[in-house]
Amino acid sequence: DVKVTQSSRYLVKRTGEKVFLECVQDMDHENMFWYRQDPGLGLRLIYFSYDVKMKEKGDIPEGYSVSREKKERFSLILESASTNQTSMYLCASSSTGAGYGGYTFGSGTRLTVV
Amino acid sequence: GDSVTQMEGPVTLSEEAFLTINCTYTATGYPSLFWYVQYPGEGLQLLLKATKADDKGSNKGFEATYRKETTSFHLEKGSVQVSDSAVYFCAPSFSGGYNKLIFGAGTRLAVHP
């Protein structure tokens with residue numbers, strides 16, 4: 001089965017810490033995405049990457065950065081965690097070419113910043 | 001610009017009731033259309049898809065038909081179960097490149113015995 005794996009299901013971090021959320025896919029997909037999901041706000045795109053070392057800002061990139069050094073891995077970095085970054089974070093991947101089948105999502109990381 | 005509107009929830013039904021969740025979209029050209037489902041505490045899972053006009057996607061008893069003339073992709077199920085309780089997201093693909101999806105706000109479905 002095709003998989004997107006997020007390294008942690010639950011994470012608790014302190015305000016001001018640098019936080020790394022890791023995502024790995026095994027489908028050789030070109031595109032990878034990071035979303036956050038909050039009640040009443042739906043899914044909001046933070047960053048996406050369409051190739052190794054390439055990235056584009058989504059709708060809410062402030063306070064976040066990303067890294068894609070290898071095709072299968074896409075990391076989300078909270079440079080200095082704040083309480084308003086407490087949220088569910090979802091990683092997804094997709095192909096670009098023919099036979100496009102939508103996104104495959106990971107199980108999510110619920111981050112709490114205290 | 002491209003957008004999607006789906007029925008607001010929550011939708012509360014009794015077991016074996018008929019379900020419809022409406023979804024309409026605006027997009028340049030003819031996008032592929034998707035429904036995703038999110039069970040409590042989980043990520044989103046692809047439920048079904050349709051890639052061209054009049055296509056019907058189906059899975060787990062759910063169906064949706066790509067209606068080009070009304071730009072709609074309504075989700076239906078003839079007889080819901082308690083285990084169908086989840087949040088459902090409609091998502092057309094975005095014409096601006098990389099086949100990005102635009103997600104609706106999600107519709108929470110609660111099915112009680």
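Predicted, not measured: the structure shown is a model, and the values here were computed from it. Quick note on labels: first sequence line is chain A, next is B, and so on, each numbered from 1.
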Taking the side chain as every heavy atom from C-beta outward, state whether Lys100(B) and Phe48(A) have any pair of such atoms under 4.5 Å apart. yes
Glu15(B) atom CD: more than 12 heavy-atom contacts under 6.0 Å: yes
CG of Leu44(B) to OG1 of Thr104(A): how many Å apart, nearest 0.5 Å? 11.0 Å
For Glu17(A), does the CD atom have more than 12 heavy-atom neighbours from other residues, nucleotides or ligands under 6.0 Å away? yes
Near Arg110(A) CZ, under 6.0 Å, is it more than 12 heavy atoms from other residues, nucleotides or ligands? no
Side chain proximity check, Val87(B) to Gln37(A), heavy atoms < 4.5 angstrom: no
Can a donor-acceptor pair be found, under 3.5 Å and without considering hydrogens, that links the side chain of Tyr103(A) to the backbone of Leu46(B)? no
Is there a chain of hydrophobic side chains (I, L, V, M, F, W, Y, each step under 4.5 Å between heavy atoms) that links Leu33(B) to Ile21(B)? yes
Output field: ring centroids Phe103(B)/Tyr35(A) closer than 6.0 Å: yes
Quick check on Leu41(A) against chain B: is it the side chain, the backbone, both or neither that has a heavy atom closer than 4.5 Å? neither
Verify same cluster id: Tyr88(B), Val80(B) (apolar side-chain graph, 4.5 Å): yes
Between Gln45(B) and chain A, which part of the residue has a heavy atom less than 4.5 Å away: side chain, backbone, both or neither? neither
Do you know the tightest heavy-atom contact between Phe89(B) and Leu43(A)? CE2-CD1, 3.6 Å
Quick check: is Met88(A) connected to Tyr64(A) through a chain of hydrophobic side chains (ILVMFWY, heavy atoms under 4.5 Å apart)? no
Quick check against the 3.5 Å criterion: does Arg9(A) have a side-chain atom that pairs as donor or acceptor with the backbone of Glu42(B)? no
Any chain of hydrophobic side-chain contacts (each under 4.5 Å) joining Tyr47(A) to Tyr50(A)? no
